[in-house]
There are 2 protein chains.
Amino acid sequence: MSARPRSATGKARLSTTKVALVEAAVDVLRAEGFAAATARHLAERAGCNQGLVFYHFGSVNELLLAAMDHVSAERRARYDAAIASVHSPSELIELAVRVFSEDVASGDAALLVEMIAGSVSNPELGTAVKARVEPWSEFATGALRAAFERSPLLGRMGADELADAVVALYLGLELLSHLDRDTTKAIAVFEKVRSLSSLADLLAPRLP
Amino acid sequence: MSARPRSATGKARLSTTKVALVEAAVDVLRAEGFAAATARHLAERAGCNQGLVFYHFGSVNELLLAAMDHVSAERRARYDAAIASVHSPSELIELAVRVFSEDVASGDAALLVEMIAGSVSNPELGTAVKARVEPWSEFATGALRAAFERSPLLGRMGADELADAVVALYLGLELLSHLDRDTTKAIAVFEKVRSLSSLADLLAPRLP
DNA sequence: GTCTATACTTGGATAGAC
DNA sequence: GTCTATCCAAGTATAGAC
């Protein structure tokens, strides 16, 4: 292993090119989809040579997974920070609506959908993607369990099934939004869900 | 235009090869996804030459759209037949759960998702796919409006938003099922929705 | 770490014989 | 209507110079 390049301040940093490739992959997956994420196109976006995709990541798919990890880490930090202030079902719904709206607007949701749909034709990639999606289902399950702890709703539905339904709704609304090239539908559904928040609180007492 | 080939009985029929290509496209989209739907692979499945894709359809994408139309027609006939016997919200939910389960099991849902996700990288294909998805949203809206006509639920939610949410749930559950290579989650959510049927009837009187 | 060059493969699409 | 042959573009991946 050679020494890492260092910035003018002497602080260690990662290879700029490697980071640029990850960011290019994020951009392309968000805006142009899985099919457009080729080594040549990605390298062009990153302003470097095509061969560096293989030098740094070994394969295009590995770069794509790195891009997934990159946005996952950002999203997870954002979600964790937001969930701390949730103490009721309606607050959880408010939060969910807000982060979903942000993810659809930023393209993070699109990236996720493209990786899932794209990995269908490649079993190996599929299992790697699956491993990266599962934490989100678990996050949703935990958040629902905490917020609806004392609600009779989960007795009927089950936190796991409700979490799966929420994740599915997230992914499906993203598909529809991308098809329309317009987030009107998703926002309308989100707003309606938000307007049901008050109802949720009626069914569950406020947590301590 | 040359005369159509005729079977031994003298009945006019479409070119067998053309039909075989459509069926091959349906199979490949269902099981292997958009990325695997290449002219060569499709022709191999259909047992004919690759050049015939372009002779019969002009391009791969046109063949894919023909495949979409083929399954859409079948699904629509199935849905229309089933909707005739629906006279209450709970019956509509039962029906929805049944046809969704069938579509996920058969792969028709996967075909739809692959075409939507795949068309992201091709705006022209995207608009063609969009035109083929819209009838389904409209079908859902109409079915919801009819079944929930007298229910206070739609006053809160709106048939359009509810229809979009239903379609999104359908597409999202398909994505999760394909990722898991297993329909357990989707079926579990479906069953939970079904168990809520009785609740829906309490909120809406039975239609004449 | 990065670039150029290149080998190899696969895919879209067309021309022409049958 | 179908096949063979072929062209061309685009993709993955590697070797070797700098």
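In what follows, every heavy atom counts, from backbone to side chain, and hydrogens, waters and symmetry copies are set aside. Naming: A, B, ... by sequence-line order, numbering from 1 per chain.
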Nucleotide D/dA5, atom C1' - distance to CZ of B/Phe54 in whole Å: 15 Å
Nearest-Å distance for atom pair CG/P, residues B/Leu21 and D/dG1: 12 Å
Any side-chain heavy-atom pair of A/Arg78 and A/Glu102 under 4.5 Å: yes
Touch class at under 4.0 angstrom, heavy-atom based, for A/Val53 against every strand present: nothing
Contact check, side chains of B/Leu175 and B/Leu179, non-hydrogen atoms, under 4.5 Å: no
Separation of C/dA13 C1' from B/Leu52 CG (nearest whole Å): 13 Å
Check ion pair A/Lys130-A/Glu134 (N to O, under 4.0 angstrom): yes
Closest-nucleotide 5' rank along DNA chain D - winner of B/Gly51 and A/Gly51: B/Gly51
Plane angle bin for B/Trp136 and B/Tyr79 - parallel if under 30°, tilted between 30 and 60°, otherwise perpendicular: perpendicular
Strand contacts (DNA chain C) in residues 28-50 of chain B, 4.0 angstrom heavy-atom criterion: B/Thr38, B/Ala39, B/Arg40, B/Gln50
Plane angle bin for A/Phe100 and A/Tyr170 - parallel if under 30°, tilted between 30 and 60°, otherwise perpendicular: perpendicular
Nearest-Å distance for atom pair CG/C1', residues B/Leu64 and C/dG11: 14 Å
4.5 Å side-chain heavy-atom contact, A/Leu173 and A/Leu169: yes
Near-strand residues of residues 117-130 of chain B, defined as heavy-atom separation under 4.0 angstrom from DNA chain C: none
Closest nucleotide among C/dT2, D/dA13, D/dT2 to the A/Ser59 side chain: D/dA13
Rounded distance in Å - CZ (A/Phe57) to C1' (C/dG1): 13 Å
Side-chain heavy atoms of B/Val113 within contact of A/Ile116, under 4.5 Å: no
Minimum side-chain heavy-atom gap A/Val60-A/Phe54 below 4.5 Å: yes
Side-chain touch B/Val28/B/His41, heavy atoms, less than 4.5 angstrom: yes
